[in-house]
Amino acid sequence: MNAMGLQLLISAVDQDPARLVEKMNVRSDAILINQCDHFAYEEIRRDGCLIRAYSLKERGVGLSRNNALLRADQDICLFADEDIIYDETYPEKVLGEFARHPEADMLLFNVEVCEARRTYHTDAYGRVGRWNCGRYPAYSFALRREVMHKKHVSFSLLFGGGARYSNGEDSLFIRDCIRSGMKVYKTPVTIGREEERKSTWFSGYHEKFFFDRGVLYAFLYGRLARPMALQFLWRHRGVMCREIPVKKAYALMCDGLREARG
């Protein structure tokens, strides 16, 4: 049986490819999609690994990740953002987990982040389902490439940095993976850390934030979007509803729901 191969799928904006892969500590093959103001292609060799860097004159994180997926050719794909710095042994950690868990089509790994940006932390291996998949960022995702292609799963172009609605492309992607029949699990293994920086999409809990969240919930939860919106607002009211009260925030989310349903 041949050994599995790992490929990082990196989404970046206006970066120098060679400097970026050095900073991120890339130690596996990788595909880098660099969204910028020109078109270019280069190959970077680092410690015996091949990084194929595409500079593309476009915007949208979903588009960036789909472009990387179209070019992926290794067994396991691990999504990455430009602000993730990887452990020295992340390839062994990722491939080792997939070898230990042949039942998993997709694994969600831990990445250390500052407390203010933390949406999840996994302490024990376990199954992930539709109702608990919305808090995992794309940089935690690793999956078996062939399985994903057979299921025809890709990232939404409506959500995320550079798209019409501010975020949620990662939640929709993992939801679609689960819907397609892929077996998704979380693992307590940590593979790197996030470098603190200003968010590329979050600018406060303003009207657009709640409106866009309503659009996202329509896609995520369908007929249960309204109660899920109420639950979301009530749970986070102490942080999110300091300037816009819960009642108005809920009305904005309902406006988003109506727009999504057309």
Side-chain angles (χ1 to χ4, degrees), residues 5-24 26-46 49-84 86 90-91 94 105-109 111 136-177 180 182 191-192 194 197 199-201 216 219:
L6 174 67
Q7 200 164 42
L8 272 184
L9 305 183
I10 306 169
S11 294
V13 177
D14 293 324
Q15 295 292 318
D16 178 277
R19 291 180 182 175
L20 181 62
V21 298
E22 183 75 22
K23 186 198 79 169
M24 292 178 67
V26 174
R27 294 183 174 274
S28 65
D29 285 358
I31 294 174
L32 167 60
I33 304 296
N34 182 38
Q35 297 191 336
C36 56
D37 61 358
H38 64 277
F39 293 98
Y41 173 76
E42 63 180 298
E43 294 185 352
I44 302 166
R45 300 278 178 176
R46 187 172 190 269
C49 299
L50 174 62
I51 297 94
R52 290 149 52 199
Y54 298 83
S55 293
L56 302 175
K57 198 173 181 179
E58 59 191 29
R59 285 293 186 269
V61 67
L63 183 60
S64 172
R65 298 200 197 283
N66 286 340
N67 271 323
L69 281 171
L70 287 170
R71 295 165 171 83
D73 56 10
Q74 294 286 1
D75 304 288
I76 305 298
C77 294
L78 172 64
F79 291 103
D81 287 340
E82 65 187 56
D83 55 354
I84 305 301
Y86 288 93
Y90 79 86
V94 172
D105 298 318
M106 181 175 183
L107 287 171
L108 311 180
F109 287 86
V111 174
Y136 297 96
Y139 57 70
S140 69
F141 300 175
L143 45 76
R144 300 184 193 272
R145 178 182 55 85
E146 286 193 1
V147 175
M148 185 214 60
H149 284 318
K150 287 177 181 177
K151 299 296 185 179
H152 306 290
V153 181
S154 62
F155 281 88
S156 170
L157 303 184
L158 279 176
F159 295 87
R164 180 172 181 176
Y165 304 111
S166 53
N167 77 314
E169 78 290 344
D170 39 13
S171 299
L172 290 168
F173 181 82
I174 192 172
R175 188 280 311 268
D176 289 346
C177 288
S180 75
M182 291 177 64
I191 58 174
E194 182 186 55
R197 64 168 183 166
S199 174
T200 57
W201 68 269
L216 174 63
F219 283 90

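FYI, the numbering just counts along the sequence from 1. Bear in mind that the values here come from a model prediction, so they are computed numbers and not experimental data.
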Step-by-step side-chain contact (heavy atoms from CB on, under 4.5 Å) determination, Leu78 to Leu9: CA-CA 6 Å; Leu78 172 64; Leu9 305 183; over 6 Å; no

Check: Arg145 and Ile76 side chains under 4.5 Å, non-hydrogen atoms: no

Test log, rule side-chain contact (heavy atoms from CB on, under 4.5 Å), inputs Phe159 and Asn167: CA-CA 5 Å; Phe159 295 87; Asn167 77 314; over 6 Å; no

Over all atoms of both residues, closest heavy-atom pair of Ala142 and Val94: CB-CG1, 4.3 Å

Side-chain heavy atoms of Leu56 within contact of Ile33, under 4.5 Å: yes

Test side-chain contact (heavy atoms from CB on, under 4.5 Å) applied to Ile84 and Val111, step by step: CA-CA 8 Å; Ile84 305 301; Val111 174; 4.1 Å; yes

Donor-acceptor under 3.5 Å (Arg46 side chain, Val26 main chain): yes

Shortest non-hydrogen contact from Ser180 toward Val153: OG-CG2, 4.0 Å

Side chain proximity check, Leu50 to Arg45, heavy atoms < 4.5 angstrom: yes

From Ile191 atom CD1 to Ser140 atom OG, the distance as rounded to the nearest 0.5 Å: 8.0 Å

Contact check, side chains of Leu157 and Asn66, non-hydrogen atoms, under 4.5 Å: yes

Mutual orientation of the aromatic rings belonging to Phe141 and Phe173 [parallel < 30°, tilted 30-60°, perpendicular > 60°]: parallel

Check against side-chain contact (heavy atoms from CB on, under 4.5 Å), Gln74 and Leu6: CA-CA 6 Å; Gln74 294 286 1; Leu6 174 67; 6.0 Å; no

Where Asp170 and Phe155 come nearest, the two heavy atoms and their spacing: CA-CE2, 4.3 Å

Spacing of CG belonging to Leu70 relative to NE2 belonging to His149, to within rounding of 0.5 Å: 7.0 Å

Separation between CD1 of Ile51 and CD of Glu22, rounded to the nearest 0.5 Å: 10.0 Å

Minimum-distance pair of heavy atoms, taken over all atoms of Ala80 and Leu8: CB-CD2, 4.0 Å

More than 12 heavy atoms from other groups under 6.0 Å of CD on Glu146: no

Heavy-atom side-chain proximity of Glu82 to Val13 below 4.5 angstrom: yes

N/O donor-acceptor pair under 3.5 Å between Gln35 side chain and Gly60 backbone: yes

Distance-only side-chain donor-acceptor flag, Gln7 / Asp73, under 3.5 Å: yes

Centroid-centroid distance, Tyr139 to Phe79, less than 6.0 Å: no

Ile10 side chain near Asp81 side chain, heavy-atom distance below 4.5 Å: no

Inter-residue atom distance Glu194.CD - Asp83.CG, 0.5 Å rounding: 4.5 Å

Heavy-atom side-chain contact between Tyr86 and Arg27 under 4.5 Å: no

Between CG on residue Asp29 and CZ on residue Arg52, distance to nearest 0.5 Å: 8.5 Å

Contact summary for Gly160 and Glu169, nearest pair of heavy atoms: CA-OE1, 3.1 Å

Salt bridge Arg59-Asp14, side-chain N to carboxylate O under 4.0 Å: yes

Point-to-point distance, once rounded to the nearest 0.5 Å, from CG of Leu143 to CG of Asp75: 12.0 Å

Main-chain N/O of Gln15 paired with Arg19 side-chain donor or acceptor, under 3.5 Å: no

Aromatic ring pairing Tyr41/Tyr54, orientation class (parallel under 30°, perpendicular over 60°, tilted between): tilted

Non-hydrogen atoms of Cys177 and Met106 that approach each other most closely: SG-SD, 4.0 Å

Minimum side-chain heavy-atom gap Asn34-Asp16 below 4.5 Å: no

